[in-house]
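Read the structure below first, then the notes.
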Amino acid sequence: MRRSFASILTDGSAAVLAAVFFLPAAIGLSGCASSGIRTSPYRLDGEMVQGGGLRMDSEFFYLFSFANCTEREIAAFSVTLGLCDGDGLPAFEDYRICADFSCAVPPGGRVELAIPLDDSLYDVPDELYQTDCFYVNRIVFADGTVWEDVFGRYGL
């Protein structure tokens, strides 16, 4: 015998229904809130450029600035970059590339860096690619502690 949705709610099955549908959502939200990360430990800004007067053996670069928003010195960090053309097609054969930087960035400090792109580009573009994603995936602090963000929550 088939029962209507209204009869399920009136015979006490509402508690089971609520547990099945709402409990997983509540657990997921509490997990996000308890992760301990409330703000981004960095700020990024960047764009792809051609040439630009840089003295490197590459024609295309991704120029960016990285700012340390913490109260601890950063010893090294890694970034993940994805670029796409005007049609949304990826610029890199592997869709994204990662680059590692070993440079001290004091609390509140900022550095300007470049990622050479010539060896990573799928094709030489007619127009410069647009940023699809750009984020810091790992920070190593001078005290040896490590912060990671594999999903790019705080990126561009």
Side-chain angles (χ1 to χ4, degrees), residues 17-156:
L17 184 65
V20 169
F21 289 106
F22 300 112
L23 188 58
I27 290 170
L29 291 176
S30 67
C32 292
S34 66
S35 68
I37 299 173
R38 292 189 172 93
T39 61
S40 174
Y42 67 89
R43 262 193 326 269
L44 286 175
D45 186 28
E47 66 180 341
M48 183 179 174
V49 297
Q50 184 175 6
L54 298 174
R55 294 184 182 135
M56 299 174 94
D57 294 331
S58 189
E59 182 180 356
F60 296 98
F61 302 91
Y62 194 82
L63 296 179
F64 71 97
S65 64
F66 170 86
N68 179 356
C69 298
T70 71
E71 296 180 3
R72 297 182 288 167
E73 181 175 334
I74 292 174
F77 63 94
S78 299
V79 297
T80 298
L81 172 65
L83 299 175
C84 63
D85 65 13
D87 295 326
L89 298 173
F92 307 122
E93 190 170 340
D94 294 331
Y95 181 64
R96 295 179 180 169
I97 61 169
C98 292
D100 300 322
F101 296 91
S102 293
C103 59
V105 185
R110 179 182 172 126
V111 292
E112 305 286 329
L113 298 165
I115 302 171
L117 299 175
D118 286 2
D119 293 338
S120 302
L121 291 175
Y122 187 70
D123 196 7
V124 176
D126 293 330
E127 296 180 14
L128 295 180
Y129 290 112
Q130 302 300 310
T131 303
D132 182 42
C133 67
F134 184 49
Y135 60 92
V136 174
N137 57 45
R138 180 179 167 94
I139 294 175
V140 179
F141 293 96
D143 64 7
T145 59
V146 175
W147 175 89
E148 291 183 309
D149 178 15
V150 295
F151 299 112
R153 282 183 285 213
Y154 302 112
L156 299 178

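Computed from a predicted structure; not experimentally measured. Heavy-atom basis, side chains included; hydrogens, waters and symmetry copies ignored.
- Of all heavy-atom pairs spanning Ser78 and Asp100, the tightest one is OG-OD1, 2.5 Å.
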Go through the steps to decide whether Val79 and Phe134 satisfy the test side-chain contact (heavy atoms from CB on, under 4.5 Å), and finish with yes or no. CA-CA 7 Å; Val79 297; Phe134 184 49; 3.8 Å; yes

Trace of the side-chain contact (heavy atoms from CB on, under 4.5 Å) decision for Leu128 with Phe60: CA-CA 9 Å; Leu128 295 180; Phe60 296 98; 4.0 Å; yes

Would you be so kind as to tabulate the donor-acceptor pairs closer than 3.5 Å made by side chains of residues 107-114, with sequence neighbours excluded?
unit_1 : atom_1 : unit_2 : atom_2 : d
Arg110 : NE     : Glu112 : OE2    : 3.1
Arg110 : NH2    : Ser65  : OG     : 3.0

Distance-only donor-acceptor hits, side chain of residues 81-92, under 3.5 Å, sequence neighbours excluded:
unit_1 : atom_1 : unit_2 : atom_2 : d
Asp85  : OD1    : Asp87  : N      : 2.9
Asp85  : OD1    : Gly88  : N      : 3.0
Asp85  : OD1    : Leu89  : N      : 2.9

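- For Gln130, the CD atom counts as loosely surrounded, since its 6.0 Å shell holds 12 or fewer non-hydrogen atoms of other residues, nucleotides or ligands.
- Judged as a side-chain hydrogen bond (donor to acceptor under 3.5 Å, both in side chains), and not counting sequence neighbours, the contacts of Asn137 are Thr80.
- By the salt bridge (Lys or Arg N to Asp or Glu O under 4.0 Å) test, Arg72 pairs with Asp143, sequence neighbours left out.
- With sequence neighbours left out, Phe77 forms a ring pair (Phe, Tyr, Trp, His ring centres under 6.0 Å) with Phe66, Phe101.
- Taking Ala76 as the reference, Ser102, Val140 meet the side-chain contact (heavy atoms from CB on, under 4.5 Å) condition, with sequence neighbours excluded.
- Here Tyr135 pairs with nothing under the ring pair (Phe, Tyr, Trp, His ring centres under 6.0 Å) rule; sequence neighbours left out.
- Taking CG of Leu63 as the start and CD of Glu47 as the end, the distance is 7.0 Å to the nearest 0.5 Å.
- Side-chain contact between Ile97 and Leu117 is present, with heavy atoms from C-beta onward closer than 4.5 Å.
- Shown are Asp149, Thr70, Ile74; of these, the side chain to side chain contact (heavy atoms under 4.5 Å, CB included) with Pro41 is made only by Thr70.
- Within the model, atoms CZ of Phe151 and SG of Cys133 stand 13.5 Å from one another, a figure rounded to the nearest 0.5 Å.
- The salt bridge (Lys or Arg N to Asp or Glu O under 4.0 Å) analysis of residues 128-138, with sequence neighbours excluded, yields the pairs Arg138-Glu148.
- Between the CH2 atom in Trp147 and the OH atom in Tyr154 there is a gap of 6.5 Å [rounded to 0.5 Å].
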